[in-house]
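Scope of the values below: all heavy atoms of this structure, side chains included, with no hydrogens, waters or symmetry mates. Quick caveat: nothing in here was measured; it's all calculated off a predicted structure.
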Amino acid sequence: MASIRKDIPINAPADTIWDAVRDFGAVHQRLNPGFVTDCRLDGNARIVTFHNGNVISEEFVDCDDARRRLVYAILGREGIRHYNGSVQVLEDGEARSRIIWIIDVLPNDVAPYIASQMDLAVPAMQKTLGRKD
């Protein structure tokens, strides 16, 4: 299984970042506008439209406020046997944070595409939440 990890520095307090991350249905407004162009809730899932026109259903798995960790999964997507994502917000000083974004995916050959999309998402996230140094 491929595991893709991004460690994203953000110039904003962890509680502020966590408030945006945990808002599962507002990823297109509060976390990653531009990369995500639309999002709507459908039961336990969010239907996400990405910048490239792809539309994906992401199932809510867990939201742990004490650990500032959100987990989601993609189920039943053609070409993907397993997809689990987690986003965790860590303090990095008084006014800085780090987002640890991990996606575990099978088959391994889809990992380069997923990683390239994550690389596009990171600057949009940093711009929205607080510019990196």
Side-chain angles (χ1 to χ4, degrees):
M1 178 177 321
S3 187
I4 309 157
R5 183 180 192 274
K6 302 294 178 185
D7 187 334
I8 307 161
I10 306 286
N11 282 336
D15 286 340
T16 301
I17 302 306
W18 175 239
D19 188 59
V21 168
R22 74 179 313 283
D23 195 350
F24 190 68
V27 66
H28 64 306
Q29 297 167 324
R30 301 194 61 204
L31 186 60
N32 221 326
F35 180 77
V36 176
T37 60
D38 191 41
C39 178
R40 64 181 171 80
L41 293 176
D42 183 15
N44 198 45
R46 62 184 176 194
I47 311 304
V48 181
T49 303
F50 292 92
H51 66 101
N52 58 9
N54 285 342
V55 179
I56 305 288
S57 176
E58 297 178 340
E59 293 284 326
F60 175 83
V61 175
D62 187 45
C63 182
D64 184 335
D65 285 319
R67 292 189 178 119
R68 293 190 193 109
R69 184 172 183 262
L70 178 80
V71 182
Y72 62 96
I74 296 174
L75 307 174
R77 177 82 176 175
E78 186 176 333
I80 297 179
R81 291 193 319 266
H82 176 88
Y83 184 109
N84 189 75
S86 67
V87 180
Q88 187 167 14
V89 179
L90 304 174
E91 290 182 7
D92 191 18
E94 278 186 40
R96 291 183 48 90
S97 306
R98 288 181 13 252
I99 294 176
I100 307 300
W101 185 15
I102 300 171
I103 295 177
D104 298 322
V105 65
L106 281 173
N108 290 345
D109 62 355
V110 300
Y113 173 76
I114 301 291
S116 72
Q117 291 302 297
M118 292 171 77
D119 286 341
L120 293 174
V122 167
M125 199 180 299
Q126 288 173 314
K127 180 180 178 184
T128 301
L129 298 173
R131 293 213 177 264
K132 70 174 183 152
D133 292 337

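Here the side chain of R46 pairs a donor or acceptor atom with the backbone of F24 at under 3.5 angstrom. For the pair N11 (side chain) and G130 (backbone), a donor-acceptor distance under 3.5 Å is absent.
Taking the side chain as every heavy atom from C-beta outward, W18 and L70 approach each other to under 4.5 Å. Using a 4.5 Å heavy-atom threshold, the side chains of V105 and I80 count as touching. Within the 4.5 Å cutoff, the side chain of V36 has heavy atoms near those of the F50 side chain. Annotation: side chain of Q29 is not in contact with side chain of D23 (no heavy-atom distance under 4.5 Å). Within the 4.5 Å cutoff, side-chain heavy atoms of W101 are placed close to those of M125. Using a 4.5 Å heavy-atom threshold, the side chains of H28 and V48 count as separate. When side chains are defined from C-beta on, V87 does not count as touching L31, because their heavy atoms never get closer than 4.5 Å. Here the side chains of D119 and K6 are in contact, with some heavy-atom distance below 4.5 Å.
In plain terms, the two heavy atoms of V89 and A14 that are nearest each other are CG1-O, 3.6 Å. Of all the heavy atoms in R69 and S86, the pair that sits closest is NH2-CB, 3.6 Å. Minimum interatomic distance between L120 and P123 (heavy atoms only, all atoms of both residues): O-CD, 3.4 Å. The shortest non-hydrogen separation linking S3 to D104 is OG-OD1, 2.6 Å. The minimum heavy-atom distance between S97 and P13, with the atom names listed, is OG-C, 3.1 Å. Heavy atoms only, all atoms of each residue included: N32 and A124 are closest at OD1-CB, 3.0 Å.
For the atom pair D92 CG and I99 CD1, the distance stands at 12.0 Å (nearest 0.5 Å). To the nearest 0.5 Å, the span separating CD on E58 from CG on D42 amounts to 13.0 Å. With values rounded to the nearest 0.5 angstrom, H51 atom NE2 is found 9.0 Å from T37 atom OG1. Interatomic distance, R96 CZ to I10 CD1, rounded to the nearest 0.5 Å: 9.0 Å.
If you run side-chain contact (heavy atoms from CB on, under 4.5 Å) between M118 and each of I8, I103, I102, only I103 comes through. Results of the side-chain contact (heavy atoms from CB on, under 4.5 Å) test with C39 over V27, I47, T49 single out V27 as the only residue that passes.
Within a 6.0 Å sphere centred on CZ of R67, other residues, nucleotides and ligands contribute 12 heavy atoms or fewer.
Linking ILVMFWY side-chain heavy atoms closer than 4.5 Å, directly or via other members, places V122 and L129 in a single hydrophobic cluster. Cluster membership for I56 and Y113, using ILVMFWY side-chain heavy atoms within less than 4.5 angstrom, is shared. In the hydrophobic clustering of this structure, V71 does not group with I17; members are Ile, Leu, Val, Met, Phe, Trp, Tyr whose side-chain heavy atoms approach within less than 4.5 Å, directly or through other members. A single hydrophobic cluster is seen to contain both I74 and I114, as judged by linkage of ILVMFWY side chains at heavy-atom distances under 4.5 Å, directly or through other members.
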Could you walk me through whether R30 and D19 satisfy the side-chain contact (heavy atoms from CB on, under 4.5 Å) test, starting with their C-alpha distance in whole Å, then the side-chain angles of each, then the deciding distance to 0.1 Å, before giving a yes or no? CA-CA 9 Å; R30 301 194 61 204; D19 188 59; 2.6 Å; yes
Checklist line | side-chain contact (heavy atoms from CB on, under 4.5 Å) between R68 and L90, intermediate numbers included | finding: CA-CA 7 Å; R68 293 190 193 109; L90 304 174; over 6 Å; no
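Using a 30° and 60° split on the angle between ring planes, Y72 and Y83 fall in the tilted class, from 30° to 60°.
Residues passing the salt bridge (charged side-chain N to carboxylate O under 4.0 Å, His left out) test with D65, sequence neighbours excluded: R22.
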